[in-house]
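Working notes, beginning with the structure itself.
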Amino acid sequence: MAEHFGLKYLRKEVLPTAFCPGCYNGILMNALFQAFMELGIEDLKRFVFVSGIGCSSWIPSPFIKADSLHTLHGRAIPVATGVKLANPELNVIVIGGDGDLASIGGNHLLHAARRNMDLLVIMINNQVYGMTRGQAAPTTPHGMITPTTPYGNPERPMDVASIIAGTNANYVARWCISQYIPLKNSIKDALSRYSRGFRFIEVYAPCVTYVVRREGKTPGEKLKELMKKCIRIETWKNMSREEREKHVATGVFKAEDKPGFIETYNKYIAQALGEK
Ligand SMILES: Cc1ncc(C[n+]2csc(CCOP(=O)(O)OP(=O)(O)O)c2C)c(N)n1
Ligand SMILES: [Mg+2]
């Protein structure tokens, strides 16, 4: 039997993964590996993965067969920025959670996007702080009961993809974990057609333990629900406010190919040196 394409990029010696049974993080890993395979990437020697702390931060470290930095909670983006500045030849990918990237690390996310820093950031929005047992995050739906919102979440979730689309980031997309093919193609685009500047992909994938099972659903049932709930942004825009709140707007929010920070920075340095 032919070996599964993913095994080439997976650190088999650390299996099984630390994820809960049915966790959607595995689907994202599969999409990532399929994107690498379809791009003809034989090994990940030219890649560095950086993550913070959380269940999703475990995807690159220790499971992906590449150099990785497992940093502090919320600090993946500044460390990734340092890696990229030190060696611009490397492809630097950050993978992390909604808590890690949009809450404690929110400021870093905003400003790396504003700078159009040459990084690909994949954020798994599972709606909660999964690793610490499902507390409310800035992405938790309005009304959701969690250990920190026992009477329901009085706040409304932030729309991270739209916020990042409002910066100078080159590429912004959001996909539900049920939209496997567009998600995989989006990762491919963010590594090929749009290979410079800040690229942000939000993956909407509710935590199977602290969201899905709490709702009394199985991960499979939730995937079927997501197939109806996740719609293209163009359709979502024409809905009433009530209808919008029941759906997730997905698609490519922005796709530009402006020079990234490194190219622009080098231009300024060259000009300054030339003037001497
Ligand atoms: C400075 C700091 N504050 C808090 C924590 C505790 N902590 C560990 S993981 C985590 C939340 C992770 O949530 P998220 O990034 O959404 O990842 P998930 O587990 O949901 O994939 C928190 C608050 C920590 N490790 N370090
Ligand atoms: Mg989370």
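The figures here come from the full heavy-atom set of this structure, side chains too, leaving out hydrogens, waters and symmetry mates. Numbering of ligands and ligand atoms starts at 1, following listing order. Here the structure is a predicted model, which is why all the values come from computation and not from measurement.
Inclusion of Val128 in the first shell of the Mg ion (ligand 2) is supported: an N, O or S atom falls under 2.8 Å. Metal site remark for the Mg ion (ligand 2): Asn125 contributes no N, O or S atom at a distance under 2.8 Å. One of the N, O or S atoms belonging to Asp98 lies under 2.8 Å away from the Mg ion (ligand 2).
Within 4.0 Å of ligand 1, counting heavy atoms only, the contacting residues are Ile53, Gly54, Cys55, Ser56, His73, Gly97, Asp98, Gly99, Asp100, Ile104, Asn126, Val128, Tyr129, Gly130, Met131, Thr132.
Ring planes of Phe36 and Phe49: perpendicular class, angle over 60° (limits at 30 and 60°). Note: His70 and Trp58 have perpendicular aromatic rings, judged against thresholds of 30 and 60 degrees for the angle between ring planes.
The backbone N or O of Gly152 sits nowhere less than 3.5 Å from a side-chain atom of Thr149 that would complete a donor-acceptor pair.
Taken as a pair, Cys55 and Cys207 fail the criterion of an SG-SG distance shorter than 2.5 angstrom.
At a threshold of 4.0 Å, the pair Lys224-Glu221 does not count as salt-bridged, since none of the basic side-chain nitrogens sits closer than that to a carboxylate oxygen. Salt-bridge annotation for Lys8 and Glu3: absent, with no side-chain N of the basic residue lying under 4.0 Å from a carboxylate O of the acidic one. The pair Arg199-Asp118 fails the salt-bridge criterion, with no side-chain N (NZ, NE, NH1 or NH2) lying under 4.0 Å from an Asp/Glu carboxylate O.
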